[in-house]
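To start, the structure under review is shown below, and the notes come after it.
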Amino acid sequence: MADLWQVTLVSPPYQSWTYERPSFFPELKPGQRVIIPFGKSHRMGVVTGRAEQVPEGVEIKSLIWPLEVEPLLNADFIEMADSLAARQMTSVGRILEAILPRGLRTAAVTFRIDKHVARQKLPGSIRPSKLTKCSPDELTELMELWLAGRMRVRINAQREAEERFVSLVSDPPWAVRPNAKRQIRILEYLLDNGPQSLYSLRHVLGDWAPDTAAKMEGRDLVTVGELTADALDEVDGTAACGETEPLQYELTEEQQNAMDDMRASLAKGGGAHLVHGVTGSGKTVLYLEMARYCLEQGRSVILLAPEVALACKLYRNVKEHFSNLKPVLYHGYQSPKKREAIFTDLVRNAEPRLVVGTRSALFLPVHDLGMVVMDEEHDESFKQEERLAYQAKEVGWYRVERTGGLLVLGSATPDIKTFHAAQNGAIPVSTLKKRVGKSVLPEVELVDIADLSNSKQVFSPTTIDALKETVKEGRQAIVMLNRRGYAPLMYCLDCSETVRCPECEVGMTYHKGRERVVCHYCGLSYSYPLLCSKCGGGNFIPMGEGTERLEEHLEEILPEGTNVLRLDRDATRRQERMEEILGAFSRGEAQVLVGTQMISKGHHFPKVTLVVVADGDLGLNLPDYRSSERTFQLLVQVAGRAGRGDMPGKVLIQTRNPQHPLWNEVLNSDYEAFFQREIGRRKMFGYPPFSKLALVRISYPADFKQGGAAISLFAKTLKQYSQPLGVSVLGPAPAPLSMLRGRLRFNCLFKGADWKNLRMLFGHMAQANPDPSKVRISLDLDPLTTL
DNA sequence: AGCGGTAATGCC
DNA sequence: GCATTACCGCTT
């Protein structure tokens, strides 16, 4: 009887297939990666178990070769992937593809045979395709070598070379001929999407891309190599991420109490724990001391920050705090090679480890996970929305639940759902009310700008005075405006049209520095100046404000010699720019820093005494149930940037609506008042945490004629199944951004008592899809925005 | 019937 | 994801 196994493909079409273990092959264990024949070529797959029933009418092929002697993925890891697949209603293969480092899911490998055994007529290296042609005797001989560790896996050189990253050398304009179309495409693509691997350039732009990129490297337009973050990581342990805040190691009474509570939770078998502490209250020290405790107990720890720069900063804190420990840094901007090495190292070395990283670090195979810490747990970056949608909090919860570990959620402004659970007693909570050391919470003031709305002024006289004074006294100020670019609308003076994106039908933002108008949704851009598509005229005026225009404006109103820096996604496109800007500002080379919400996150500038929120109303009135939560969190967070040193800080929030109840709560940094008001509103309208929400996104190409019929079919299906499942449905209705990248979009909001029924209803919809190749539907559980 | 292009299908 | 095959409109 043949020995049959199920192998799951970690690349399309992702399903599980049956293969035979040939006689020369060693025993298999689930979780083992193997090379399998698939169609005309070969692929990498993961053994998921024995084949229970034999497929009929197909000739079963044999496995080609194992990729490791001991399985890389243990049963827990496979179980985690299974559980994620069930939650997201997709296949395990897709999940594995999303959570494994790239090097560990490629089949483009060569087996190298040790030199001193190669003399016996064996080649020095052998490819999988060659292995399928070997005789049984040769295979048996090779397998002996493999099991003795004398035959090793090597990722193919070309494949590995394509893992290198391409980054821009300078900002536009570039020294390139206007008819060098391919070069311009690469430059534009890098500008819009940040550094990319040669591999992804080839996939997105075409097979010519790696060659063209190599030529461009010769002309100093781009650099091709390891990411700088990687290089810096080797040298001094961390990329330069601005100044690290000096930590006060002596625990305050509040911190000590929190520590005792968490230890007690851990002793009782773990669970979630909320640390609600104002900005600057010393949450980091608390995490580090808890980490020390866990490691002493022989258990591993994962510390997560919402973004790379903050993870690097935390990593540096860890290195300073622990002298005799080798922590691991893991995030999406490290090279695939590095990430792969970390993954295998964690599998092979079972000792307790401390991992610092961003959300993807949650999937690392650390042994005996004692604690997961999520700093700034309310941050939206903890939810991944593109490709595979997952909420890191849920994954973290899943992981600690299995190991009896602790999930520590820390924030000054917790997620409403988290705090609600704490209020109900479902999650224990430790509160830190005082800032550590001398610094005190800043004073917050409202500035009414209602009478400014028709003039060209952005800042009220009060704001301008405060800025001038801060600069005069040699201190620093931060100005936040949550909108990048120069002006969000370009208005044609001749025919009163605005410049719109033909693919998305939204206004295109003018970027003065790039000399382009850009669609902020799909990235399409045109060079500017341009002619009006309606009347052919060229007289546009910019309407509204973006960070770029604010920067220009500030340079005009502030005294001669004042330096203004800007920090937003545009300014930080080039790899090192973010660190350069943060570094320059913390060294005092500029007095004012203008930026988007990027500047609100975790940075420590002791000389900043003034924070200005240019438009506090932005984002407050969006038709989204979380908009006030988001605004409150952002404002408290950015206010926390002021007065972190010895000098007291001041925050000015400009608003056209000073009566809004939110302001009082922000002024007093009164999270609980905000929470009480918000939870009342949520209860009244039945929003989370009083219900579960799911957003179903439907889209099809704008020229697909049967699209309308598909939508009515979905509507009919929903009508039929929603009531029996107890799910209330809004839509399908055209999405607020009704067209994106040439696809018409529809949204459908599900509200119900539990996730199971929301999933089932989605399942019915997916089944009713008349043309899955044209009509795409996807499920987003607990969406960040319902827009 | 013969051609070139594209959509649909199978892959164990 | 990729190769093979089925299908379509159109020429000869």
Side-chain angles (χ1 to χ4, degrees), chain A residues 1-25 28 30-67 78 85 90-109 127-129 131-133 155-156 158-159 162-163 196-210 336 386-388 699-707 709-710 742-743 766-767 769-776:
Chain A
M1 184 62 203
D3 192 12
L4 300 179
W5 294 80
Q6 286 300 114
V7 178
T8 298
L9 281 176
V10 186
S11 51
Y14 303 109
Q15 293 112 322
S16 176
W17 307 82
T18 311
Y19 285 88
E20 184 184 344
R21 180 178 70 89
S23 55
F24 71 88
F25 222 85
L28 286 174
Q32 195 156 19
R33 296 178 310 134
V34 286
I35 300 277
I36 47 171
F38 189 77
K40 292 272 146 137
S41 62
H42 61 271
R43 298 284 194 90
M44 198 278 277
V46 174
V47 175
T48 38
R50 280 184 186 279
E52 268 145 37
Q53 69 225 62
V54 185
E56 272 174 61
V58 280
E59 197 191 320
I60 289 169
K61 291 185 181 173
S62 288
L63 301 170
I64 297 179
W65 209 259
L67 279 164
I78 300 291
T90 94
S91 55
V92 193
R94 262 209 164 81
I95 300 287
L96 287 170
E97 183 190 45
I99 67 180
L100 283 177
R102 193 149 55 198
L104 296 177
R105 37 173 233 255
T106 176
V109 295
R127 296 217 167 187
S129 53
L131 283 166
T132 55
K133 293 184 194 102
I155 294 170
N156 288 350
Q158 196 212 331
R159 180 62 187 254
E162 289 198 348
E163 302 288 13
Q196 299 285 314
S197 70
L198 282 165
Y199 180 84
S200 53
L201 283 185
R202 190 159 64 80
H203 272 254
V204 177
L205 301 175
D207 285 337
W208 49 268
E386 68 277 10
R387 293 186 315 144
L388 164 73
S699 76
Y700 56 82
D703 57 5
F704 179 58
K705 297 211 171 49
Q706 285 98 59
R743 296 179 73 88
Q767 250 172 16
N769 189 351
D771 191 346
S773 66
K774 291 259 169 48
V775 183
R776 291 208 282 253

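As a basis for the values below, the full set of heavy atoms in this structure was taken, side chains included, without hydrogen atoms, waters or symmetry mates. So that the names make sense, note that chain A is the first sequence line, chain B the second, and so on, each numbered from 1.
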Checklist outcome for this item: From CG of A:Leu28 across to C1' of B:dC12 the rounded distance in Å is 15 Å
Checklist entry - Does the ring centre of A:Phe24 sit less than 6.0 Å away from the ring centre of A:Trp65? => result yes
Checklist entry - Starting at OH of A:Tyr14 and ending at P of B:dC12, how long is that distance when rounded to a whole Å? => result 19 Å
Item to check | Spacing between A:Arg105 atom CZ and C:dG1 atom C1', to the nearest angstrom | outcome: 13 Å
Checklist entry - What does A:Thr18 touch in the nucleic acid at a heavy-atom separation under 4.0 angstrom: a base, only the sugar-phosphate, or nothing? => result base
Checklist entry - Looking only at side chains, do A:Arg21 and A:Ser62 share a donor and an acceptor under 3.5 Å apart? => result no
Checklist entry - Between atom CD in A:Glu59 and atom P in B:dC11, what is the gap in whole Å? => result 11 Å
Checklist entry - Would A:Thr106 and A:Arg159 count as having a side-chain donor-acceptor pair, cut-off 3.5 Å? => result yes
Next on the checklist: With a 4.0 Å limit, can you tell me whether A:Lys40 has a side-chain N or O closer than that to the phosphate oxygens OP1/OP2 of C:dC2?
Outcome noted: no
Next on the checklist: Output the rounded distance in Å from CZ (A:Arg43) to P (C:dA3).
Outcome noted: 10 Å
Checklist entry - What is the distance from CZ of A:Arg202 to P of C:dG1, rounded to the nearest Å? => result 13 Å
Next on the checklist: Between A:Thr18 and A:Gln6, do the side chains contain a donor N or O and an acceptor N or O under 3.5 Å apart?
Outcome noted: yes
Next on the checklist: Nearest whole Å is fine: how far is B:dC11 C1' from A:His42 NE2?
Outcome noted: 15 Å
Checklist entry - To the nearest angstrom, how far is A:Phe38 atom CZ from C:dA3 atom P? => result 13 Å
